[in-house]
Amino acid sequence: MATLSSKLDEWRARAATARYETRHFIDGRFVESVAGDHFTVINPATSQPLCEVSAGGPKEIDLAVASAKRSFGARVWSRKAPRERMAVLAALSRLIEKNAEQFALLDTLCMGKPISDMLNIDVPAAAMNFAYFGELIDKIDGAVTATAADAFHYILREPLGVVGCIVPWNYPLLMAAWKVAPALAAGNSVVLKPAEQSPLSGLLLAQLFVEAGGPPGVLNVVNGLGESAGAALALHNDVAKIGFTGSTEIGKQMLIYAGQSNMKRVSLECGGKTPQIFLADLPDIDVAVTYAINGIFGNMGEVCNAGSRLLIDKPIAADFLSRFIERGKTAYRPGDPLDPATNLGPLVTASHRARVMNYITRGKTEGARLEFGGNAPDLPGCFVNPTLFSGVANHMTIAREEIFGPVAAAIVVDGLAEALTVANDSIYGLAASVWTRDLTVAHKTVRDLEAGVIWVNCFDHGDMTQPFGGYKQSGQGRDKCIESLLSYTQTKSAWINLG
Ligand code: NAD
């Protein structure tokens, strides 16, 4: 069996010799930008340039949308027999699994995620998305309604047309899968705009879709900056819906674009400031601390539902914090994300690291107590050490704004009522958790928390049936689940006069 270090050598060798496709994927083939424009992707683990990627803008978006519109108009996908479309998405799911190592390499090199996370979490989950939504294709029905005897009324569910998917860099392949899989399963044609920090895995995904039997032009990918390629896609009059995952700020911009263009539908999965409530009667303090550590330091804290606010009941606060400090200090160690033993990679870019460090400074100046971390390790990449602040008040910047880094804010609360007030005192409402032995308290807390996803005595658990999305400014719409697929369809009512 290969040792971990020899595996690291193998990954480094692969990374050194890897060839990446960097052009757009339009109409079933790779193409350069019209004027040959490029942008540079920097590997955040080394701070060295990784590759030059074709930079798209309005012209490339026009070409991709035209290709998607043509394929939709020709009905090569939307009217393909359901079982044939199911077979294509099932084949794509298998191809994602088969190419797991290549996907892992692409996202890890671009955005610094530990390669073991890619192999254990992102890639299997992306494959599962295509399998799940593929399986749903022939399970979605229309309806026949009750009418008077002189009429027959049925409701058809139809695809929307061209769907634009705009996704972030924190789970590049998986966030693309969350949007593209239901959009394709519903029969739409798609233009995907990956984040400029992580443009490579979307290209491989589109290539594999065609290899799986998907018709050319049904899944197109245009890379480019948000303000050029992203804006052009969201403003396009031939795009019927934007499925967006990203920041709350840009999510709001998507709604403006829709109003400025064709009133396209918009679904938004945006930021969060997830509270985890640890009540004094929690079942097992060590288990809860483990979840708390993983909930904020996993994926470098670059997780929309990162458990960034720890609301700890007064009677257990000292014990909870001392266990968190003892284990949390060393549980996540920064290292080369290509090393299968690494569980903390760099942050995505130097500017993002500067932003996170700025929040740490704010935490200190606003009076929170730095328990550990708060600095960067002596490594060449964009690393930040896992950080814990205690003595946090909910009005402090580190409790209010999404940091998107490995920074936990511990807030001591006096019982459930205060915990709920603090938890809900946020513009965000993506997720929350409560830890308690009391069944009644658990159910009441689920009812009273203002968030789209609530976990009881666990954190970040779920499967494809779980609607994932936010209350308040964490967004609108749901990923995964049947509701997501339906959001890429529209109903048509057919009223037939039998009189
Ligand atoms: P971002 O909003 O900066 O970018 C997201 C996407 O939007 C990228 O593809 C980007 O190129 C594009 N974009 C940026 N500016 C644009 C503009 N003016 N017009 C059109 N498109 C534009 O977000 P990010 O930094 O890539 O990702 C981090 C954010 O994503 C965090 O806020 C995180 O919470 C959120 N997120 C949410 C979920 C969820 O399910 N709720 C999941 C993952 C990430």
Side-chain angles (χ1 to χ4, degrees), residues 39 41 44 53 55-58 61 107 110-111 113 122 125 129 164-179 191-199 201-202 221-236 239 242-258 260-261 264 266-274 299-308 347-349 351-353 355-356 401-405 426-431 451-453 460 462 466-481 484:
F39 65 95
V41 177
V53 176
I61 291 291
D107 281 355
C110 287
M111 54 67 69
K113 187 192 294 275
D122 296 44
N129 265 267
C165 302
I166 300 181
V167 297
W169 45 260
N170 61 336
Y171 290 82
L173 171 65
L174 183 56
M175 292 301 99
W178 277 17
K179 306 294 178 194
V191 178
L192 167 68
K193 208 298 280 175
E196 50 269 42
Q197 298 85 352
S198 53
S201 53
V221 180
V222 175
N223 275 306
L225 305 186
E227 57 269 29
S228 51
L233 184 58
L235 280 164
H236 208 291
V239 171
I242 290 288
F244 172 83
T245 297
S247 61
T248 290
E249 180 195 349
I250 304 300
K252 290 180 182 177
Q253 190 60 46
M254 292 294 146
L255 296 170
I256 295 172
Y257 291 143
Q260 286 172 337
S261 53
K264 56 178 65 68
V266 177
S267 66
L268 304 170
E269 301 291 348
C270 299
K273 196 73 199 173
T274 295
N299 206 50
M300 294 73 73
E302 293 170 328
V303 184
C304 51
N305 62 277
S308 51
L347 296 185
V348 65
T349 57
S351 64
H352 186 52
R353 177 175 62 173
R355 188 173 165 271
V356 171
E401 297 186 13
E402 185 183 44
I403 299 176
F404 226 56
S426 171
I427 63 163
Y428 297 112
L430 183 55
V453 182
D460 222 0
Q466 174 192 45
F468 193 91
Y471 279 28
K472 301 193 275 189
Q473 294 187 39
S474 289
Q476 42 179 272
R478 296 293 180 263
D479 282 320
K480 308 198 287 181
C481 77
S484 168

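Bear in mind that the values here come from a model prediction, so they are computed numbers and not experimental data. Each ligand, and each atom within it, is numbered from 1 in the order the structure gives. These values consider heavy atoms only, across backbone and side chains, with no hydrogens, waters or symmetry-generated copies.
- Put simply, the side chain of Ser228 never gets that close to the backbone of Gly57: no donor and acceptor are under 3.5 Å apart.
- In terms of modelled atom types and a separation under 3.5 Å, the side chain of Gln197 and the main chain of Thr349 share no donor-acceptor contact.
- Not less than 6.0 angstrom separates the ring centroid of Trp178 from the ring centroid of Tyr171.
- In terms of modelled atom types and a separation under 3.5 Å, the side chain of Glu269 and the main chain of Asp479 share a donor-acceptor contact.
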When you pair each N or O of ligand 1 with protein N or O atoms, which pairs come out under 3.5 Å?
| unit_1 | atom_1 | unit_2 | atom_2 | d |
| --- | --- | --- | --- | --- |
| ligand 1 | 2 (O) | Ser247 | N | 2.8 |
| ligand 1 | 2 (O) | Ser247 | OG | 2.6 |
| ligand 1 | 9 (O) | Val167 | O | 2.8 |
| ligand 1 | 9 (O) | Lys193 | NZ | 3.2 |
| ligand 1 | 11 (O) | Lys193 | NZ | 2.7 |
| ligand 1 | 11 (O) | Glu196 | OE1 | 2.5 |
| ligand 1 | 11 (O) | Gly226 | N | 3.4 |
| ligand 1 | 18 (N) | Tyr257 | OH | 3.2 |
| ligand 1 | 19 (N) | Gly226 | O | 3.2 |
| ligand 1 | 19 (N) | Tyr257 | OH | 2.9 |
| ligand 1 | 21 (N) | Gly226 | O | 3.4 |
| ligand 1 | 23 (O) | Ser247 | N | 3.4 |
| ligand 1 | 25 (O) | Trp169 | NE1 | 2.9 |
| ligand 1 | 26 (O) | Trp169 | NE1 | 3.1 |
| ligand 1 | 30 (O) | Gly246 | O | 3.3 |
| ligand 1 | 32 (O) | Glu402 | OE1 | 2.7 |
| ligand 1 | 34 (O) | Glu402 | OE1 | 3.4 |
| ligand 1 | 34 (O) | Glu402 | OE2 | 2.6 |
| ligand 1 | 41 (N) | Cys270 | N | 3.4 |
| ligand 1 | 41 (N) | Cys270 | O | 2.8 |

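- Although no hydrogens or angles enter the test, the distance criterion places no donor-acceptor pair under 3.5 Å between the side chain of Glu402 and the main chain of Lys273.
- With hydrogens and angles disregarded, no donor-acceptor distance shorter than 3.5 Å links the side chain of Asn305 to the backbone of Ala431.
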